[in-house]
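Note sheet for the following structure.
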Amino acid sequence: MVSTSYTLTEFLGRSSIPWPALAFAFAVPVARWVLDATIFQAVGAPLVLPNTKKTDQPVAEDDLQTLKKFKESFFKLTVYLTFTIWAISVSYKEKFLTDTKYYWLGCTKLPCDFFVSQGLYLLYCAEMGYYMQGIPSLIFWEHRRKDFWEQIAHHVVTLFLIIYSYSVNFMKVGCAVFLVHDVNDIFMEAAKMARYAGKQTLCTVLFVTFMLTWFASRIYYLPAYIIRSCLTEPITLVADKYNINPAPHYAIFNGLLLFLFGLHLYWSFLILRIAIKQVKEGVTKDVREED
């Protein structure tokens with residue numbers, strides 16, 4: 001094949017993080033801190049903390065930790081709901097939302113040379129900025145769970161996948177990946193909030209909804225449609241048609257996607273453990289928080 005794509009060295013030399021992503025990375029922690037101290041505190045404290053107005057006893061440390069976790073989930077639910085609405089608003093009229101061929105049609109070289117809307121560009125910057133600040137937030141801010149290192153791996157791979165797909169203009173397929181993940185996370189964080197607030201019935205309903213959407217979106221749709229498209233259609237619709245050598249982008253992008261899917265399989269095991277506990281004990285508990 002005649003190469004009309006960039007080598008990895010050329011790609012690294014020309015790629016850069018867009019300034020709106022850096023702005024989002026700095027703005028998100030500030031917004032989170034403000035929301036933590038105002039709205040999240042005002043909503044969470046009455047739901048999570050015991051009524052301490054009738055006693056002089058200080059609030060127990062365990063209750064304060066539960067409130068902290070409630071506010072973490074409240075923040076993440078807000079982010080994922082915003083990203084989901086944003087992604088739908090920029091893609092609902094696009095053909096790539098229902099036909100995976102349109103992830104690639106119009107691309108005649110690598111990086112892809114087709115047009116991307118301003119809305120999708122800004123969504124990419126927002127997601128990139130969120131995961132840029134997400135790694136230090138996991139380390140220094142959030143409650144540490146048993147799968148801490150898996151979460152770190154997920155955030156690092158996701159961030160590199162976003163930056164890489166932005167740089168080679170795989171943003172249409174990236175938008176589909178965002179939707180598959182973000183819409184599912186809404187139910188996960190809502191179920192956690194219900195559990196921290198002691199609303200067990202609501203927690204169970206939300207957890208079942210989360211579990212169904214998890215397996216439908218991440219375990220079925222992601223590999224059956226998105227990963228399948230990424231493994232086959234760039235070759236048939238771009239590389240073969242325009243005599244392009246897809247290396248190294250094809251291997252790197254698909255390798256990152258497959259690694260991400262591997263993490264989903266691991267978390268599926270944890271989800272099934274939670275479901276089994278729910279059936280046996282009648283209590284929905286996040287197994288990642290067990291000692």
Side-chain angles (χ1 to χ4, degrees), residues 24 28-29 31-32 35-36 40 44 68-91 123-124 126-135 137-138 141-143 145-148 150-159 161-162 174-197 202-223 225-227 256-257 259-275 284-289:
F24 277 112
V28 168
R32 180 176 182 176
L35 290 170
D36 253 19
F40 297 165
K68 179 182 178 181
K69 290 185 285 187
F70 179 92
K71 293 193 291 184
E72 284 180 13
S73 290
F74 202 165
F75 167 72
K76 291 178 181 179
L77 184 147
T78 303
V79 170
Y80 295 134
L81 181 61
T82 301
F83 283 160
T84 298
I85 294 171
W86 193 344
I88 292 172
S89 70
V90 301
S91 64
L123 172 64
Y124 241 81
E127 293 265 10
M128 192 184 302
Y130 174 72
Y131 281 98
M132 287 173 64
Q133 64 81 40
I135 296 170
S137 291
L138 269 176
W141 193 333
E142 298 183 4
H143 178 80
R145 295 173 170 85
K146 284 182 65 177
D147 66 342
F148 171 77
E150 290 87 348
Q151 286 281 357
I152 289 290
H154 170 271
H155 277 45
V156 170
V157 170
T158 300
L159 177 59
L161 188 59
I162 293 171
C175 183
V177 174
F178 292 155
L179 271 172
V180 162
H181 289 77
D182 292 342
V183 71
N184 176 251
D185 285 334
I186 293 170
F187 298 107
M188 176 178 68
E189 300 303 337
K192 289 181 182 179
M193 289 173 65
R195 186 173 74 84
Y196 298 143
L202 178 60
C203 175
T204 299
V205 171
L206 288 168
F207 175 74
V208 170
T209 305
F210 157 71
M211 186 171 65
L212 293 174
T213 58
W214 172 280
F215 285 99
S217 62
R218 299 198 189 195
I219 304 304
Y220 172 67
Y221 188 85
L222 178 64
Y225 289 88
I226 297 176
I227 294 178
L256 292 169
L257 270 182
F259 181 84
L260 202 59
F261 179 61
L263 286 175
H264 295 341
L265 293 176
Y266 166 73
W267 280 317
S268 295
F269 167 73
L270 297 184
I271 291 169
L272 290 174
R273 283 184 60 190
I274 296 172
T284 304
K285 183 177 180 180
D286 190 345
V287 297
R288 298 179 306 157
E289 296 176 6

query = Is there side-chain contact between P29 and W141, with at least one heavy-atom pair below 4.5 Å?
reply = yes
query = Which heavy-atom pair separates S91 from C175 by the least distance, and what is that distance?
reply = CB-SG, 4.0 Å
task = Could you tell me whether the side chain of F40 reaches within less than 4.5 Å of the side chain of T78, counting heavy atoms only?
result = yes
inquiry  = I need the full list of salt bridge (Lys or Arg N to Asp or Glu O under 4.0 Å) pairs touching residues 261-272, with sequence neighbours left out, sorted by first then second residue.
reply    = none
note = When rounded to the nearest 0.5 Å, the distance separating CD1 of I88 from CG of D182 is 10.0 Å
ask   = For Y266, what residues pass the ring-ring contact (aromatic ring centres under 6.0 Å, His included) criterion, not counting sequence neighbours?
value = none
task = Could you pull out the closest heavy-atom pair between L138 and F148, with the gap in Å?
result = O-CE1, 3.6 Å
message = Run the side-chain hydrogen bond (donor to acceptor under 3.5 Å, both in side chains) test against T213 and tell me which residues pass, sequence neighbours left out.
response = N184
4.5 Å side-chain heavy-atom contact, S217 and L222 = no
task = Kindly write out the residues that satisfy side-chain hydrogen bond (donor to acceptor under 3.5 Å, both in side chains) with K68, not counting sequence neighbours, or none if the list is empty.
result = none
ask   = Can you list the residues that meet the side-chain contact (heavy atoms from CB on, under 4.5 Å) rule with A31, with sequence neighbours excluded?
value = none
task = Mind checking salt bridge (Lys or Arg N to Asp or Glu O under 4.0 Å) for D36 and listing every partner two or more places apart, or none if nothing turns up?
result = none
task = Would you please name every residue forming a ring-ring contact (aromatic ring centres under 6.0 Å, His included) with Y80, sequence neighbours left out?
result = none
ask   = Does a side-chain heavy-atom distance below 4.5 Å link F207 with M188?
value = no
key: Gap separating the CG atom of L206 from the CE atom of M193, nearest 0.5 angstrom   = 10.0 Å
message = Please enumerate all residues that pass side-chain contact (heavy atoms from CB on, under 4.5 Å) together with V79, with sequence neighbours excluded.
response = F75, F83, Y130
request  = Indicate the atoms forming the closest heavy-atom contact of F24 with G129, along with that distance.
outcome  = CB-CA, 4.1 Å
task = Name all residues meeting the side-chain contact (heavy atoms from CB on, under 4.5 Å) criterion together with L212; count only those two or more places apart in sequence or in a different chain, and write none if there are none.
result = V208
query = Which value, rounded to the nearest 0.5 Å, describes the distance between W267 atom CH2 and E150 atom CD?
reply = 7.0 Å
remark   = For L179 and V183 the tightest heavy-atom approach is O-CG1, 3.0 Å
Separation between CZ of R195 and CD1 of I274, rounded to the nearest 0.5 Å = 8.5 Å
Atom pair CE (M128) and CD1 (I162), whose distance is rounded to the nearest 0.5 Å = 7.0 Å
task = List for me each residue that meets side-chain hydrogen bond (donor to acceptor under 3.5 Å, both in side chains) alongside S268, sequence neighbours excluded, and say none if there are none.
result = W214
key: Salt-bridge contact R32-E142 (side-chain N to carboxylate O under 4.0 Å)   = yes
key: Residue pair L161, F259: steps toward the side chain to side chain contact (heavy atoms under 4.5 Å, CB included) verdict   = CA-CA 11 Å; L161 188 59; F259 181 84; over 6 Å; no
remark   = With sequence neighbours left out, the residues meeting side-chain contact (heavy atoms from CB on, under 4.5 Å) with A176 are Y103, I226
ask   = Does H155 have any side-chain hydrogen bond (donor to acceptor under 3.5 Å, both in side chains) partners at least two apart in sequence or in another chain, and if so, which?
value = none
query = Got a sec: does the OH of Y225 have more than 12 other heavy atoms crowding it under 6.0 Å?
reply = no
ask   = Got a second to check how far L263's CG is from R218's CZ, nearest 0.5 Å?
value = 10.0 Å
message = Are W86 and F178 packed together at the side-chain level, in the sense that at least one heavy-atom pair is separated by less than 4.5 angstrom?
response = no
Note, I219 side chain near F261 side chain (heavy atom, < 4.5 Å) = yes
ask   = So which heavy atom on I186 is nearest to which on L77, and how close?
value = O-CD1, 3.8 Å
request  = Mind running side chain to side chain contact (heavy atoms under 4.5 Å, CB included) on H154 and Y131 for me, showing each step along the way?
outcome  = CA-CA 10 Å; H154 170 271; Y131 281 98; 4.1 Å; yes
ask   = Using 30° and 60° as the class limits, which term best fits the ring planes of H181 and H264: parallel, tilted or perpendicular?
value = tilted
ask   = Between S137 (side chain) and G134 (backbone), is there a donor-acceptor pair under 3.5 Å?
value = no
